[in-house]
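See below for the structure under consideration.
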Amino acid sequence: EIVHFFEQNLARVRMRMMNLMRMFVTYANAADTGLDAALTETDPAATASAAGAAPPASRLAIHPARPRQHIDGFGASMTEASAWLFLNAMRDPDRILTELFSDTDGIGLSLLRQPIGPSDHVVRPYRFLRRRADPTLDSLDFSHEIRAILPPVGAAARLRARSQEALPAGQRTPLRVIASPWSAPANMKTNHSVLGRRPISRLIGRLKPSSHGAYAELIARFCALYRQYGVDIFAVTPVNEPDLAHSLWPTMAMSPAEQARFVARSLAPRLRAHGLGDVRILCWDHNYSTRHFPEGRFVREVYARPDALAALAGSAWHYYGGDVRTLDAIHRDWPDKGIWVTEASGGDWGPRNWDAALMTMGGAVCSMMQHWARCAILWNVALDGRHAPDWYYVRRQLRHAQNRGLVSVDRATGEVTRNADFYALAHFSRFVAPGSACVDSDLSDGRGMQAVAFRTERYGVVAVVVNERPEAAAVEVAVDGARPVRVTLPPRSLTTLTDC
């Protein structure tokens with residue numbers, strides 16, 4: 001179907017890209033205190049003529065008739081910390097939700113990754129079950145989720161739906177959620193703690209074999225809750241970062257064998273029992289490589305078990321460690337299994353606002369798409385100026401987190417700052433809607449540059465180009481062999497090119 005769609009529209013694409021190219025650029029100011037251009041539309045012809053005697057151009061060849069992976073969207077996480085800021089600290093939360101999730105007046109985020117229970121970014125710890133054993137989940141209570149997190153999530157879903165009312169029915173896509181637990185409840189784990197490792201005894205917590213059914217039931221009921229409140233659950237993962245069991249915040253160790261057994265024998269059957277058989281199950285949900293599981297070994301071991309392989313839609317990945325090319329090898333060996341990048345965060349532990357963060361995150365998302373990712377989800381939607389709320393960081397590390405949200409909230413004034421990560425993600429999310437496809441492209445003589453291209457329904461061919469060079473870069477863009485269009489990219493910039 002995708003190939004047929006591309007063939008039907010190829011002639012139109014060629015003509016529009018030759019004559020009607022639009023160009024949107026973002027780059028920091030000279031003092032690196034903010035942005036000189038923020039998704040600013042620029043005349044491509046003016047950039048080409050202003051280049052004068054520019055050096056020989058790089059060439060970006062785009063092949064829209066050669067689709068690669070389907071795109072499911074772009075987004076972030078409405079953690080409890082982010083939700084608290086929307087409900088208690090922002091001066092105009094509806095305006096910010098519009099800027100984030102509207103398809104017409106914002107950057108069109110279409111995915112949320114929602115923790116099932118507490119993550120590391122919470123106002124204070126909370127739980128869904130009583131502390132003592134409860135295998136039948138009689139004490140299960142989602143009231144905190146309903147009161148503290150679902151209101152802004154539901155508002156974002158309704159806002160996105162309203163913003164799409166004027167679109168043809170086939171182009172409307174709801175806000176969807178990938179749900180991930182950071183840990184099973186304490187009474188389901190071998191160390192009887194939501195922490196991955198006991199602080200004093202160092203006892204590592206794993207899911208008890210006797211708790212597989214109850215844990216799967218909890219996840220299924222969480223998914224059912226979100227659908228009850230009108231929010232579409234797209235996928236779930238068994239646990240966040242199964243190779244990181246530590247004593248700082250909720251985590252849980254899980255081996256490939258444990259995860260394969262849990263997915264095939266417990267999670268998939270419980271989802272089906274709740275009428276949620278369409279919810280995709282993704283394994284892993286951790287870095288491109290970790291110390292114990294380098295280069296995709298965890299996924300390979302899970303996929304080696306036929307019952308787990310049959311139950312899984314694919315794998316979920318984070319960008320904090322390892323080489324993104326790991327995704328190529330997984331795709332090569334299992335091309336029918338999807339790849340989703342479910343967490344990537346900016347922060348003061350790495351490149352800071354503005355220039356370095358813009359280049360790093362823009363390049364990272366570009367690279368994810370180049371290597372078969374069907375989505376890119378960053379971490380917190382919103383944090384305050386101290387990178388809070390962050391109860392676990394302050395309690396366990398005696399300092400605030402260094403993570404950076406898409407936006408930062410000044411608690412004293414309620415004002416919101418859009419960070420570099422907001423704009424890096426926007427270069428994709430605003431133009432590449434769910435249902436688009438990544439297509440083959442070739443960037444020649446592209447030292448210090450990255451590019452990725454898409455075929456979309458609304459914007460035609462879309463290309464995102466990252467110019468990390470300290471000087472302007474001339475690029476000739478050619479769609480399927482048509483006469484190339486010459487543009488000049490500003491130094492240290494992100495640029496999105498569309499044909500309409």
For [X], does the [atom1] atom sit with more than 12 other heavy atoms under 6.0 Å from it, leaving out its own atoms?
X: E301; atom1: CD; value: yes
X: R325; atom1: CZ; value: no
X: R124; atom1: CZ; value: no
X: R130; atom1: CZ; value: yes
X: R172; atom1: CZ; value: yes

Would D440 and R455 satisfy salt bridge (charged side-chain N to carboxylate O under 4.0 Å, His left out), going step by step from the backbone distance to the final call?
CA-CA 10 Å; D440 276 349; R455 180 69 180 91; over 6 Å; no

With F74 as partner, the option from I377, V365, V341 fulfilling side chain to side chain contact (heavy atoms under 4.5 Å, CB included) is V365

From the list H318, H286, M252, side chain to side chain contact (heavy atoms under 4.5 Å, CB included) partner of N240 resolves to H318

Below 4.5 Å, heavy atoms only, C-beta onward: do [X] and [Y] meet side chain to side chain?
X: R430; Y: L425; value: no
X: F422; Y: V416; value: no
X: L267; Y: I219; value: yes
X: V177; Y: F234; value: no
X: Y288; Y: H371; value: no
X: D384; Y: L85; value: yes

Does the side-chain contact (heavy atoms from CB on, under 4.5 Å) test come out yes or no for W284 and D243, once each step is laid out?
CA-CA 9 Å; W284 188 221; D243 194 33; 4.1 Å; yes

With side-chain contact (heavy atoms from CB on, under 4.5 Å) as the test, would you mind laying out the steps for V299 and W317 before giving the verdict?
CA-CA 10 Å; V299 174; W317 302 81; 3.6 Å; yes

Would you check if there is a donor-acceptor pair between the side chains of [Y] and [X] at a distance under 3.5 Å?
X: N380; Y: T79; value: yes
X: R198; Y: S247; value: no
X: R160; Y: T173; value: yes
X: Y320; Y: E343; value: yes
X: S180; Y: T237; value: yes

How are the rings of [X] and [Y] set relative to one another: parallel (under 30°), tilted (30 to 60°) or perpendicular (over 60°)?
X: W182; Y: W379; result: parallel
X: F128; Y: F222; result: tilted
X: F293; Y: F298; result: perpendicular

Intermediate values then yes/no, side chain to side chain donor-acceptor pair (under 3.5 Å), W349 and N403
CA-CA 7 Å; W349 43 264; N403 295 322; 3.1 Å; yes

Please test D103 against R458 for salt bridge (charged side-chain N to carboxylate O under 4.0 Å, His left out), starting from the C-alpha separation and ending with a verdict.
CA-CA 11 Å; D103 233 4; R458 197 186 316 175; 3.0 Å; yes

[X] side chain to [Y] backbone, donor-acceptor under 3.5 Å:
X: Q259; Y: P256; answer: no
X: Y319; Y: S345; answer: yes
X: S183; Y: V194; answer: yes

Using a strict cut-off of less than 4.0 Å between a Lys/Arg side-chain nitrogen and an Asp/Glu carboxylate oxygen, indicate whether [X] and [Y] qualify as a salt bridge.
X: D307; Y: R261; result: no
X: D390; Y: R399; result: no
X: D105; Y: R162; result: no

Distance, nearest 0.5 Å, that separates [atom1] of [X] from [atom2] of [Y]:
X: R197; Y: H246; atom1: CZ; atom2: NE2; result: 10.0 Å
X: S315; Y: K337; atom1: OG; atom2: NZ; result: 10.0 Å
X: C375; Y: Q69; atom1: SG; atom2: CD; result: 10.5 Å
X: Q114; Y: S82; atom1: CD; atom2: OG; result: 9.0 Å
X: R91; Y: I96; atom1: CZ; atom2: CD1; result: 11.0 Å
X: W84; Y: R411; atom1: CH2; atom2: CZ; result: 4.0 Å

Could you walk me through whether N191 and S193 pass side chain to side chain donor-acceptor pair (under 3.5 Å), step by step?
CA-CA 5 Å; N191 69 346; S193 172; 4.7 Å; no

Compute both the distance and the angle, then confirm whether R68 meets the cation-pi test with F454: under 6.0 Å from the six-membered ring centre, within 45 degrees of the axis.
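Output no; distance or angle outside limits.
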
One pair to check against side-chain contact (heavy atoms from CB on, under 4.5 Å): L109 and L406. What are the steps and the verdict?
CA-CA 11 Å; L109 298 187; L406 296 187; 3.9 Å; yes

Step by step, would you call D120 with R396 a salt bridge (charged side-chain N to carboxylate O under 4.0 Å, His left out)?
CA-CA 11 Å; D120 46 319; R396 303 289 177 186; over 6 Å; no

Would you check if the distance from the ring center of H400 to the ring center of Y393 is below 6.0 Å?
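No, the ring of H400 stays outside the 6.0 Å limit from the ring of Y393, centre to centre.
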
Derivation of the side-chain contact (heavy atoms from CB on, under 4.5 Å) call for K208 and Y215
CA-CA 10 Å; K208 296 175 183 176; Y215 184 48; over 6 Å; no

Using the side chain to side chain donor-acceptor pair (under 3.5 Å) rule, take N287 and S289 through it: C-alpha gap first, then chi angles, then the decisive distance, then the call.
CA-CA 5 Å; N287 293 344; S289 284; over 6 Å; no

Give the C-alpha distance, both sets of side-chain angles, the deciding distance and a yes or no for side chain to side chain donor-acceptor pair (under 3.5 Å) between H212 and E258.
CA-CA 10 Å; H212 278 214; E258 289 171 321; over 6 Å; no

